[in-house]
Trainee: 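So that we are looking at the same thing, I have put the structure below in structure tokens.
Sequential numbering from 1 along the given sequence is applied to the chain's residues.
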Amino acid sequence: MKSTAPVHRAALAALLLGFTGAAALAADKADSFEPEQVTMESAIDPGANVLVNQASWDGASRIHVFNQDDLKYQGVLSMGLTSQFEISPDGSRVYTLSDYMERYTYGPVHSVVQIFDLETLTPVAEIEVPNKAVKAIGMNQLIEVSADGKRLYVQNATPGTSVTVVDLDSREVVSEVPTPGCYGIVPAASGHRFTTLCGGGTLQTFDVSGEEYAHTTSDKIFDVDEDALYVDAVRTKSDKLVFTSFNGNLYIVDDSGDTPVLERKLKVAEGLDGDWAPGGYGVTTYNAATDTVFMIMHDEAYEGSHKDGSDEIWAYSLADEAIVSRSAAPDLIAISVTQGETPVIYGSNEMEETVDVYRAEGDGFDFEKTASDDHVGWTTSLSVVASP
């Protein structure tokens, strides 16, 4: 039998030669290597933004920030569980509410209001509020700012309902206002008052001054069994409130006086083919320049479909009391609109787990989806913020 040792020695020599060549090549590359310089921008790009709340039950919640023009991803704000958020009147601050659990499955839970600077996406301050604050998926009217930007209102549910009032100047909790049987917070257009929906079909308005408060109750405005209202509400340019019912009716309420008053009820879907109704979480949004309410609507509605995703976006003129357009828009569960003569609608898509952009084609309100982004995942609330 012939020895194979010479073959092994040749292979070893070739291997060593390969190592030598590779080492020489690596040395040459090391001489020319320029490490990447990682930098951090001190502020997001200027311009108007879209904020999308990714509220979480099983980890950190996030608010994702996009530029309105091209959906460029600007950055993220991080919070605790079950986040809610609101924007300051001047658009410079983001107020959030979320929960931090020390042991997660047991032990103390801290409900915390955090204040973020929107331009730099950095935390400014935090205020711990009583651990009565609502634990709910991100929705509108659960954390709200007074018209002058000096008070923050936090919805409590234990399940007994009340509202915690935070002074944003001193950054302290100043009072708790009992609101038994009522839920949701709609700040007045001026002063330190807010209105809330109540189980008997009435609205109550609370006037808060420091630790003191007074309240009034309206006449019965809606039928809880036959035409329940979403907590979600929008304010018009004439400072009226618009509440939307599960059946798609719009209730126009004047809250400027001591007691809320129903001005009129608009039956938006009445007489149309199909069984149309709103569905989702942020079901309406309002454009002041055109005095138009935009609604996400689905066909084949039934008892219990009030959170189902959309088939269409409807534009309803409050001045004309008429639908002025209907645009195909599948699977949206929350919408928010820009202000100005040419509104742009941003929506949270439940099925695709995307943020969708709808722009009007031509001179009317015939909307088409023009962009989409999948950074976020499943969400239920979003808000557009104008340029500072």
Side-chain angles (χ1 to χ4, degrees), residues 55 136-142 183-184 186 197-201 203 220-234 236 241-253 262 264-287 292-318 320-337 343 345-356 358 365-369 378-382:
I137 205 69
M139 297 176 68
N140 298 331
Q141 312 325 144
L142 299 185
Y183 192 76
V186 186
L197 288 171
C198 302
L203 304 182
K220 186 174 180 178
I221 286 178
F222 64 101
D223 189 307
V224 177
D225 296 316
E226 298 298 326
D227 202 28
L229 300 187
Y230 286 90
V231 174
D232 186 31
V234 296
T236 71
L241 294 179
V242 181
F243 291 94
T244 306
S245 78
F246 286 12
N247 296 323
N249 300 316
L250 299 180
Y251 288 71
I252 313 301
V253 174
L262 176 65
R264 62 191 190 277
K265 174 183 173 181
L266 305 173
K267 298 182 178 181
V268 176
E270 188 175 61
L272 300 178
D273 291 337
D275 296 314
W276 290 92
Y281 298 83
V283 296
T284 55
T285 188
Y286 175 76
N287 175 265
T292 302
V293 173
F294 296 96
M295 311 168 65
I296 44 177
M297 304 288 287
H298 64 279
D299 196 6
E300 300 180 1
Y302 57 90
E303 179 69 28
S305 71
H306 59 280
K307 291 185 179 179
D308 285 7
S310 65
D311 292 314
E312 296 180 350
I313 295 172
W314 291 8
Y316 187 88
S317 169
L318 291 180
D320 298 333
E321 296 188 1
I323 299 169
V324 293
S325 77
R326 295 169 56 176
S327 306
D331 304 320
L332 301 181
I333 54 174
I335 55 173
S336 188
V337 69
I345 294 174
Y346 297 83
S348 177
N349 187 311
E350 180 178 36
M351 300 303 293
E352 301 295 330
E353 297 190 348
T354 55
V355 178
D356 297 342
Y358 284 83
F365 291 139
D366 295 323
F367 288 89
E368 291 188 7
K369 184 165 73 171
W378 192 81
T379 63
T380 58
S381 60
L382 68 168

Trainee: Any side-chain heavy atom of W276 sitting closer than 4.5 Å to one from E300?
Mentor: no
Trainee: Can you tell me how far CZ of F246 sits from OG of S305, rounded to the nearest 0.5 angstrom?
Mentor: 9.5 Å
Trainee: Applying the side chain to side chain contact (heavy atoms under 4.5 Å, CB included) criterion to L250, which one of K267, M295, R264 satisfies it?
Mentor: M295
Trainee: Would you call H306 and V283 a side-chain contact if the rule is heavy atoms closer than 4.5 Å?
Mentor: no
Trainee: List the steps, then state whether side-chain contact (heavy atoms from CB on, under 4.5 Å) holds for D308 with Y302.
Mentor: CA-CA 10 Å; D308 285 7; Y302 57 90; 3.5 Å; yes
Trainee: For a side-chain contact (heavy atoms from CB on, under 4.5 Å) check, start with the C-alpha distance between I313 and L332, then their side-chain angles and the critical distance, and finish with the verdict.
Mentor: CA-CA 9 Å; I313 295 172; L332 301 181; 4.0 Å; yes
Trainee: Can you find a heavy atom in the side chain of Y316 that is under 4.5 Å from one in the side chain of V324?
Mentor: no
Trainee: How far apart are the closest heavy atoms of Q141 and V231, and which atoms are they?
Mentor: CG-O, 3.1 Å
Trainee: Report the distance from atom CD1 of I252 to atom CG of L318, rounding to the nearest 0.5 Å.
Mentor: 5.5 Å
Trainee: Distance alone, cut at 3.5 Å: any donor-acceptor contact between the side chains of S245 and N247?
Mentor: no
Trainee: Between T379 and S348, do the side chains contain a donor N or O and an acceptor N or O under 3.5 Å apart?
Mentor: yes
Trainee: Return the minimal non-hydrogen interatomic distance between K307 and Y281, and the atom names on each side.
Mentor: CD-OH, 3.6 Å
Trainee: What distance do E350 atom CD and D331 atom CG have between them, rounded to the nearest 0.5 Å?
Mentor: 7.0 Å
Trainee: Taking the six-membered ring for Trp and the full ring for Phe, Tyr or His, determine whether the centres of F294 and F367 are under 6.0 Å apart.
Mentor: yes
Trainee: Per the side-chain hydrogen bond (donor to acceptor under 3.5 Å, both in side chains) rule, which among T285, T380, T284, D232 passes with N140?
Mentor: D232
Trainee: Are K265 and D227 close enough, and set up right, to give a salt bridge (charged side-chain N to carboxylate O under 4.0 Å, His left out), and what steps lead you there?
Mentor: CA-CA 11 Å; K265 174 183 173 181; D227 202 28; 3.7 Å; yes
Trainee: Flag the pair M297 / P278 as yes when at least one side-chain heavy-atom distance between them is below 4.5 Å, and no otherwise.
Mentor: yes
Trainee: Between the side chain of S310 and the main-chain N/O of A329, is any donor-acceptor distance below 3.5 Å?
Mentor: yes
Trainee: Do V355 and N349 come within less than 4.5 Å of each other through their side chains, counting heavy atoms only?
Mentor: no
Trainee: What is the minimum heavy-atom distance between V186 and A233, and which atoms define it?
Mentor: CG2-CB, 4.2 Å
Trainee: Evaluate the side-chain proximity of T292 to F365: yes if any heavy-atom separation is below 4.5 Å, no if none is.
Mentor: yes
Trainee: Assess whether atom CD of E321 is packed by more than 12 heavy atoms of other residues, nucleotides or ligands within 6.0 Å.
Mentor: yes
Trainee: Evaluate side-chain contact (heavy atoms from CB on, under 4.5 Å) for V234 paired with L241, printing each intermediate quantity in order.
Mentor: CA-CA 6 Å; V234 296; L241 294 179; over 6 Å; no
Trainee: Indicate the atoms forming the closest heavy-atom contact of D311 with D299, along with that distance.
Mentor: OD2-N, 2.8 Å
Trainee: With a 4.5 Å limit on heavy-atom distance, are the side chains of T244 and Y251 in contact?
Mentor: no
Trainee: Would the Y230 and F243 ring centres measure less than 6.0 Å apart?
Mentor: no
Trainee: Identify the two heavy atoms, one from L229 and one from L197, that lie closest to each other, and give their separation to 0.1 Å.
Mentor: CD1-CD2, 3.8 Å
Trainee: What's the verdict on side-chain contact (heavy atoms from CB on, under 4.5 Å) for V268 and W314, showing C-alpha distance, side-chain angles and the deciding distance?
Mentor: CA-CA 10 Å; V268 176; W314 291 8; 3.8 Å; yes
Trainee: Measuring only between side-chain heavy atoms, which start at C-beta, is S327 closer than 4.5 Å to E368?
Mentor: no
Trainee: To check you understand the geometry: which heavy-atom pair defines the closest contact between L382 and I335, and what is its length?
Mentor: CD2-N, 4.0 Å
